[in-house]
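Report on the structure given below.
So you know, we letter chains A, B, ... as the sequences are listed, proteins then strands, and number each from 1.
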Amino acid sequence: MRIATWNVNSLNARLGRVEAWIDQAQPDVLCMQETKLADTAFPAMTFQSLGYDTVHVGEGRWNGVAILSRVGLDDVQAGFADGGPADPEARVVWATCGGIRVASVYVPNGREVGHDHYHYKLGWLARLRADLDANCKPTDAVAVCGDFNVAPTDLDVWDVTRFEGATHVSPPERQAIAALEEWGLEDVFRRKHQSGGLFSWWDYRAGMFHKGEGMRIDLVLASASVAERVEWVLIDRNARKGKLPSDHAPLVVEVRA
DNA sequence: ATGGTCGCGCAGCGA
C-alpha cells in the first residue's frame with residue numbers, strides 16, 4: 001500500500017500536475033493540503049474517474065485538506081473530535097483507508113515566534129495529540145500525514161544559522177512533534193534516511209530550490225504497526241521542478257500489506 | 001542587484 005502526502009498550494013492551480021503525478025506515482029492513498037477550495041469546488045469526479053474515493057474539508061480561499069483513496073475510505077472525521085470547540089479553519093480530516101487510520105493535516109504556519117498565530121499553532125498541535133488520545137490507540141494502525149510546518153531536527157533545514165529565532169525550528173514547536181512521537185508515532189522518513197539536506201519544501205523566491213535551500217516539514221508520522229511495515233520512503237523532488245510547481249514536493253511511503 | 005515568487009483576486013496579505 002502506497003501512501004503519499006502533498007501540499008499542493010491550490011488544487012485549482014495544480015490540478016493538471018496532480019493528475020499527472022497520480023498517473024505516474026500510483027498512490028493508493030493521497031493526502032493533500034492547501035487545496036484552497038470550497039467543498040463545492042472540489043473536483044471529486046476527476047479523482048473518481050481515476051479510481052479514487054475522496055473526502056475534502058475546505059473553506060474556500062485558504063487551507064483545505066483532502067484524502068483520496070483507492071483502497072476504501074470509511075469513518076470520515078472532519079476536524080478534531082477531542083471534545084473541544086470546532087476549529088474555524090479547515091486543517092484536518094481523518095478516514096480509514098486499507099485498514100489504516102489516516103489523517104491529512106495542515107498545521108498552522110505560525111508566522112513569527114510569539115505571534116498570535118504561533119500560539120494558535122502550538123495549541124493546534126496539542127489538540128492533534130488530544131485528538132489521537134480521544135480516537136485512536138497507539139496499538140492501532142495510524143498514519144498522520146501532512147504539512148506540519150515544523151522541521152523536527154537541525155538535519156531538516158538547509159542552514160541552521162539562518163533559522164535562529166525563527167518559526168518551524170523553535171523548541172516548543174519541536175516539542176509538540178516530540179509529543180506526537182511520545183504518543184506512539186514515528187517519523188517514517190527518518191526511519192529510512194539518516195542524512196540531512198533532504199527537504200520537502202523550498203521557498204519560491206531567490207532560486208532556493210535550485211540552490212538546495214529548503215526544509216523537511218512534510219511528514220508521515222506512523223504508529224509502530226505501520227512503521228514496522230514501511231519498505232521505503234522518498235520525497236519526489238521531480239514534482240517540484242518544471243512549470244507551475246507547488247512549493248512542496250510529495251512524500252511517498254510504501255507499506256507492506 | 002540590498003530584491004528575488006507564488007496564489008488569490010484585484011489590494012495587499014499570507015506563505
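Nucleotides B:dC6 and B:dA1 are separated by 23 Å at their P atoms, to the nearest Å. Atom P of B:dG7 sits at a distance of 24 Å from the matching atom of B:dG3, rounded to the whole Å. The C1' atoms of B:dA11 and B:dT2 are separated by 25 Å, rounded to the nearest whole Å. Rounded to the nearest Å, the gap between the C1' atom of B:dC10 and that of B:dG14 is 16 Å.
Smallest separation of non-hydrogen atoms from A:Asn109 and A:Lys121: O-NZ, 3.0 Å.
Rounded to the nearest 0.5 angstrom, A:Ser200 OG and A:Asp147 CG are separated by 7.0 Å. To the nearest 0.5 angstrom, A:Tyr120 atom OH is 3.5 Å from A:Asp87 atom CG.
Summarising the geometry, the separation between CD on A:Glu213 and P on B:dG4 is reported as 17 Å, rounded to the nearest angstrom. Computed from coordinates, the A:Lys243 NZ to B:dC6 C1' distance equals 16 Å when rounded to whole Å. Taking atom CE of residue A:Met208 and atom C1' of nucleotide B:dC6, one finds them 14 Å apart after rounding to whole Å.
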Shorter than 3.5 Å, N or O on both sides, protein versus nucleotides 10-15 of chain B: list them out with atom names.
{"from": "B:dA15", "atom 1": "OP2", "to": "A:Arg111", "atom 2": "NE", "distance (Å)": "2.7"}

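Between A:Ser246 and B:dC6 there is no side-chain N or O to OP1 or OP2 distance below 4.0 Å.
Cluster membership check: A:Val150 does not share its hydrophobic cluster with A:Val169, using side-chain heavy-atom separations under 4.5 Å among Ile, Leu, Val, Met, Phe, Trp and Tyr.
Remark: A:Trp202 engages A:Phe209 in a ring-ring contact (aromatic ring centres under 6.0 Å, His included) (not counting sequence neighbours).
A salt bridge between A:Arg129 and A:Asp133 is present, with a side-chain N of the basic residue lying under 4.0 Å from a carboxylate O of the acidic one.
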